[in-house]
Enquirer: 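Take a look at this one; I'll ask things after.
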Amino acid sequence: MSERTLVWGILNVTPDSFSDGGHFLAADAAIQQGLGLAAAGADVVDVGGESTRPGAARVDAGTEIERVLPVIEALASEGVTVSIDTMRGSTARAAVDAGARYVNDVSGGLADPDMARIVAELEVDYVAMHWRAHSATMDQHDVYDDVVAEVRDELLKRLQALTDAGVDGNRIILDPGLGFAKVGEHNWTLLAHLDELRHVGTRGQSQRVLIGASRKRFLGATIARSGEQQPPPEQRDHATTAVTALAAQAGAWAVRVHDVRAACDAIAVASAWRNASTGAR
Ligand code: PMM
């Protein structure tokens, strides 16, 4: 692997996002936040209008589009590479028409039967995340015998369904869906076996893998001091950055994070370390 891991900056344009608490609901504030992520070094700004935090209720398509479209238009017109984080094909289409270059679907095409066909028509790169159920009920689906084998098989099924619907396999990026229908140790096991997830295909080809660990509950549980409450999401950035360094080392194509500058620094460190390990002594 020669190219460095890319950084996707998170821009949740929602009032109930668990991590930014709705501070960026107003389009202008969201646009400024997105430009800030790009200035901090984000390769892609991932714009979402529907919260997927555990237990979250769905928003309707109209509200979702209303939240994200002005933000995508403004960021794209400023030359920022934008991704749309949506489970709806109609939102994906509107976002790509407004300038988005990636579709990031946490349901991997399962939530909307039209998504695969629309993505095939749009001819954009598509993130297919491992997903079992909507956020309201996903915690009831977190049972695995072998989490790596099951996530890998379920991702392979999505890959096949998407390519059957006409999506170019080279355009599909896979994501283990950390925190989605997973309990603490599942997330660590998946991270520790990233390589098996990259090589899901039966023909030995490898897929790009995106990792979204930023500020998630399993990090809070890991860094909690004994006798204390888990640190809240905003205090999980150092742990996130440690995951970024290790994910870069393990060959992740991209990480999706809140703290973009820290991720860029971690990736620069991982690259320097790797280059030195193969260079002259
Ligand atoms: N996590 C969230 C939202 N979108 N997309 C991908 N591809 N992978 C993820 O892990 C992922 C995602 C939830 O986190 P947030 O509320 O901080 O955006």
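All ligand and atom numbering here is 1-based and tracks the order in the structure.
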Enquirer: Report yes or no: does Arg215 have a heavy atom closer than 4.0 Å to ligand 1?
Expert: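 The answer is no: ligand 1 sits nowhere under 4.0 Å from a heavy atom of Arg215.
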
Enquirer: Whether Arg132 and Glu150 form a salt bridge (side-chain N of Lys/Arg under 4.0 Å from carboxylate O of Asp/Glu) is what I want to check.
Expert: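 Answer for the salt bridge query: yes.
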
Enquirer: Quick check on Arg261: does its CZ atom have over 12 non-hydrogen neighbours (other residues, nucleotides or ligands) under 6.0 Å away?
Expert: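 It does not: Arg261 CZ has 12 such atoms or fewer within range.
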
Enquirer: Please identify which atoms of ligand 1 are closer than 4.0 Å to at least one heavy atom of Asn104.
Expert: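 Contacts of ligand 1 toward Asn104, numbered from 1: 5 (N), 6 (C), 7 (N).
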
Enquirer: Using a strict cut-off of 4.0 Å, indicate which atoms of ligand 1 neighbour a heavy atom of His258.
Expert: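 Ligand 1 atoms under the 4.0 Å threshold to His258: 17 (O).
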
Enquirer: In terms of side-chain geometry, is the basic nitrogen of Asp85 or Arg256 positioned less than 4.0 Å from the acidic oxygen of its partner?
Expert: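 Yes.
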
Enquirer: Provide the number and element of each atom of ligand 1 under 4.0 Å from a heavy atom of Thr52.
Expert: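 Answer, ordered by atom number: 2 (C), 3 (C), 13 (C).
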
Enquirer: Going by the order shown, which atoms of ligand 1 are within less than 4.0 Å of some heavy atom of Leu210?
Expert: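 Matching atoms, with element in brackets: 7 (N).
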
Enquirer: Surrounding CZ of Arg208 (heavy atoms of other residues, nucleotides or ligands, distance under 6.0 Å), is the total greater than 12?
Expert: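 Enclosed.
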
Enquirer: Please say whether Phe180 places an N or O atom under 3.5 Å from an N or O atom belonging to ligand 1.
Expert: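 Between Phe180 and ligand 1, no N or O pair is found under 3.5 Å apart.
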
Enquirer: Check this for me: Glu185, atom CD, are more than 12 non-hydrogen atoms of other residues, nucleotides or ligands nearer than 6.0 Å?
Expert: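 Yes.
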
Enquirer: By number and element, which atoms of ligand 1 are closer than 4.0 Å to a non-hydrogen atom of Asn12?
Expert: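 It comes down to these atoms of ligand 1: 15 (P), 16 (O), 17 (O), 18 (O).
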
Enquirer: Less than 3.5 Å apart, any donor N or O on the side chain of Thr86 or Glu64 sitting next to an acceptor on the other?
Expert: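 Yes, side-chain donor-acceptor contact under 3.5 Å.
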
Enquirer: Enumerate the atoms of ligand 1 whose separation from the nearest heavy atom of Val106 is less than 4.0 angstrom.
Expert: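 Ligand 1 atoms under the 4.0 Å threshold to Val106: 4 (N), 5 (N), 12 (C).
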
Enquirer: Taking only heavy atoms of Val127, which atoms of ligand 1 are found under 4.0 Å from at least one of them?
Expert: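 Selected atoms, number and element: 7 (N).
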
Enquirer: May I ask you to check whether Phe180 and His130 place their ring centres under 6.0 Å from each other?
Expert: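 So the answer is no for these two rings.
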
Enquirer: Considering Lys216, Arg256, Met129, which one's heavy-atom position lies nearest to atom 10 (O) of ligand 1?
Expert: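 Result: the heavy atom closest to atom 10 (O) of ligand 1 is in Lys216.
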
